[in-house]
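Within every chain, numbering begins at 1; the chains are lettered A, B, ... in the order of the sequence lines, protein sequences first and strands thereafter.
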Amino acid sequence: MLIRLAFRNLMRNPRRTTAVLMTVMIGSGSIFIFHGFNAGIMNQYRENTVHSRYGHGQINTKGYREKVFEKPWEHWVSDWTKLKTRLLSLQGVTHVFPRLEFFSLLTNGKVNVSGRGQGVDGESEALFFTTLNVEEGVILSNQPDGILLGRGLAKSLDVKQGDRVTVLSNTINGSMNGADFTVTGIFHTGSKDFDDVVFRIQLPEAQKLLDTALIESIAVGLKSVEDWGRVETTINSEFTKLEATPFAVLDKVYYQHSVDWLDSQFGVIQIIIIAIVILGIFNTVSTGILERKQEIGNLRANGDSAMEIIRMFICEGVAIGLIGAALGLIIALLINSTILRSGILMPPAPGITRQFHVLIELQPVMAIKAFMMGALTAAIATLLAAIRVARLPIGDALRSV
Amino acid sequence: MVPALKNVSLTIDRGSFICLKGPSGSGKTTLLNILGLIEPIQKGDVLLNGQSFANLTESEKNGIRRERIGFIFQSFHLFPVLSARENVEYFLIKQGIQTGERKRRVEAALRDVGLLDHGKKRPLEMSGGQRQRVAIARAIAKQPEVILADEPTASLDQNTGRDIMEIFLKLNQERGTTIIVSSHDPMVQSFTPKHISLRDGEA
């Protein structure tokens, strides 16, 4: 009967009920879409981070990333082909990229510039690292003497695609070594510090230059981010001298901070939406409740406590909240499958120099949250509106006009 | 501050049918409200079957209002969204009465006020007299020890008001329910064997 009464009371003033329904609907629909938009942006950020530099994670010898060594090669990975084979046998692991990083001097015959080289498996990395921004020429793939230069480094050397560059470096034994390379392309990542010093050459060329068969790290490409746990467990249990680090830690400054920042922003906007919805409902519901003072007086005269009156109004608030939130979710799904089907075109984000489409990624858990939020805000607004009137002296409530 | 009632001391026997009479502002409604635990007493006490109303907790007052007192108001105070039957049933649900007993009481109350065939109608589909009958049915279905009716015929024409008073009289005579009615209408007063006159808050 209480529930029946709550639903019937909603029909007392259809215009007012519609206004409250619309407020809840817009509120929960907005939260749902905004949550999906946020997830879309975060996924874009994640994909960009994974497919531009780091892969889904990296494997080094234990403690290597935290310390600076005088002879870093003493901490490089030796028997890496066995590790590569084991990693590739794991479910979800699609790519394994051995890498070697070293410091060197680059020269075009006129200018000498110091740089940080990365020896990579160009052919396989070209297939995975698809969001590295090559602004001139092509990505390093199967050119044995190819070199891919960061934008700032190329500018310092004043070279373009097809030019020759000499790379000089110390071997791990301390003697000087050098090799000539042809510029295949110029890239940028959005990070000036990185683009001013980094260049990429084929891994065998880097090993020849350093006179070593070792590698510094292994980057891992996965089918899905969720597969990382398996890699981490395998490394920890089977390769005790190694450690696996996920991309979010490797790129804390760009990725993790962006995610944290977006999360906080979402939280603030969510609070603003909830506050607007509560205020909107509160005004409308207050008017309705004030008009029912005599009814409240009658209920109290017949033994209802103030708490029971509040409960009755909350019942009505929750009922309208549930209907409004459900409508909000339906409208949000409709908008997402029609107007926003191809996503929203966004300007370049930090670390990315091109526009990108953000798809609104609506997930069931977001729907549940938005739904609960709609019902809860309606209940809170009703509670705030009902609390004062429910506690009126019974005589005053009965006498009110 | 002017006291609404002063020097009022009276005993109402079980099964009485009494009219509180007096002009507007004489304190009739205030006295009824005090008897019904609706208004607080600043000085003095009310005893219901020997139980003092002084020092009752809010929850005890709610219990007395719910179980032992039936209220009828001038403006009916029915739920417009519920049918006559549901209006009568509502407070029985609040009393925790089981479904079977509830249905029996609702039917008996509606029959007593002559509205058994109008149970599905909502208040807005009924005349003023019918609405007041629903309010009476709602009060008697609770089977209270006392019914307090504040100006129950004031919103009704004379004939309808007379019908309502006949229902009260029948209830009092057949069930022995104590009924206290407030009114300044001589027609109402003609139905009640006992009158209490109030003037400027004094009985």
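Residue B/Q95: no heavy atom, backbone or side chain, is found under 4.5 Å from chain A. For B/I93, the part lying near chain A is the side chain, with the backbone staying farther off; criterion is any non-hydrogen pair under 4.5 Å. Residue B/R122 touches chain A through its side chain alone, counting heavy-atom pairs closer than 4.5 Å. Contact annotation for B/K61: neither backbone nor side-chain heavy atoms come within less than 4.5 Å of a heavy atom of chain A. Heavy atoms of B/T30 lying under 4.5 Å from chain A are absent altogether.
Here CG of A/D304 is found 5.0 Å from OH of B/Y90. Values are rounded to the nearest 0.5 Å. Interatomic distance, A/L299 CG to B/F79 CZ, rounded to the nearest 0.5 Å: 4.0 Å. We find the CD1-CG distance between B/I38 and A/L398 to be 5.5 Å, quoted to the nearest 0.5 Å. The distance from atom CD of A/E295 to atom CG of B/L78, rounded to the nearest 0.5 Å, is 10.5 Å. Note that the CZ atom of A/R8 and the CD atom of B/E86 stand 4.0 Å from one another [nearest 0.5 Å]. From A/R399, atom CZ reaches atom OG1 of B/T29 across 8.5 Å, with rounding to the nearest 0.5 Å.
Put simply, the side chain of B/R65 never gets that close to the backbone of A/N302: no donor and acceptor are under 3.5 Å apart.
Within a 6.0 Å radius of CG in A/D396, more than 12 heavy atoms belonging to other residues, nucleotides or ligands are found. The number of heavy-atom neighbours closer than 6.0 Å to CE of A/M307, taken from other residues, nucleotides and ligands shown, is 12 or below. Around NZ of A/K369, the count of heavy atoms belonging to other residues, nucleotides or ligands within 6.0 Å does not exceed 12. When the shell of 6.0 Å around CG of B/D45 is examined, it contains more than 12 heavy atoms from other residues, nucleotides or ligands. Residue B/Q98 qualifies as open at atom CD: its count of foreign heavy atoms under 6.0 Å is 12 or below. Enclosure of atom CZ in B/R175 by more than 12 non-hydrogen atoms of other residues, nucleotides or ligands within 6.0 angstrom is indicated. Heavy-atom contacts from other residues, nucleotides or ligands closer than 6.0 Å to CE of A/M42 number more than 12.
Counting all heavy atoms, side chain and backbone alike, A/Q294 lies closest to B/S75 at OE1-OG, 4.1 Å. Annotation for A/A301 and B/F71: closest pair O-CE1, 2.8 Å, computed over non-hydrogen atoms. The heavy-atom pair separating A/G303 from B/R66 by the smallest distance is O-NH2, 3.0 Å.
The choice from A/I394, A/N298, A/N9, A/L5 that makes the most heavy-atom pairs within less than 4.5 Å of chain B is A/N298. Of the listed residues (B/L82, B/L148, B/N33, B/D150), the one with the most heavy-atom contacts under 4.5 Å to chain A is B/L82.
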Can B/E58 and A/S305 be said to form a side-chain contact (heavy atoms from CB on, under 4.5 Å), step by step?
CA-CA 8 Å; B/E58 204 50 47; A/S305 63; over 6 Å; no

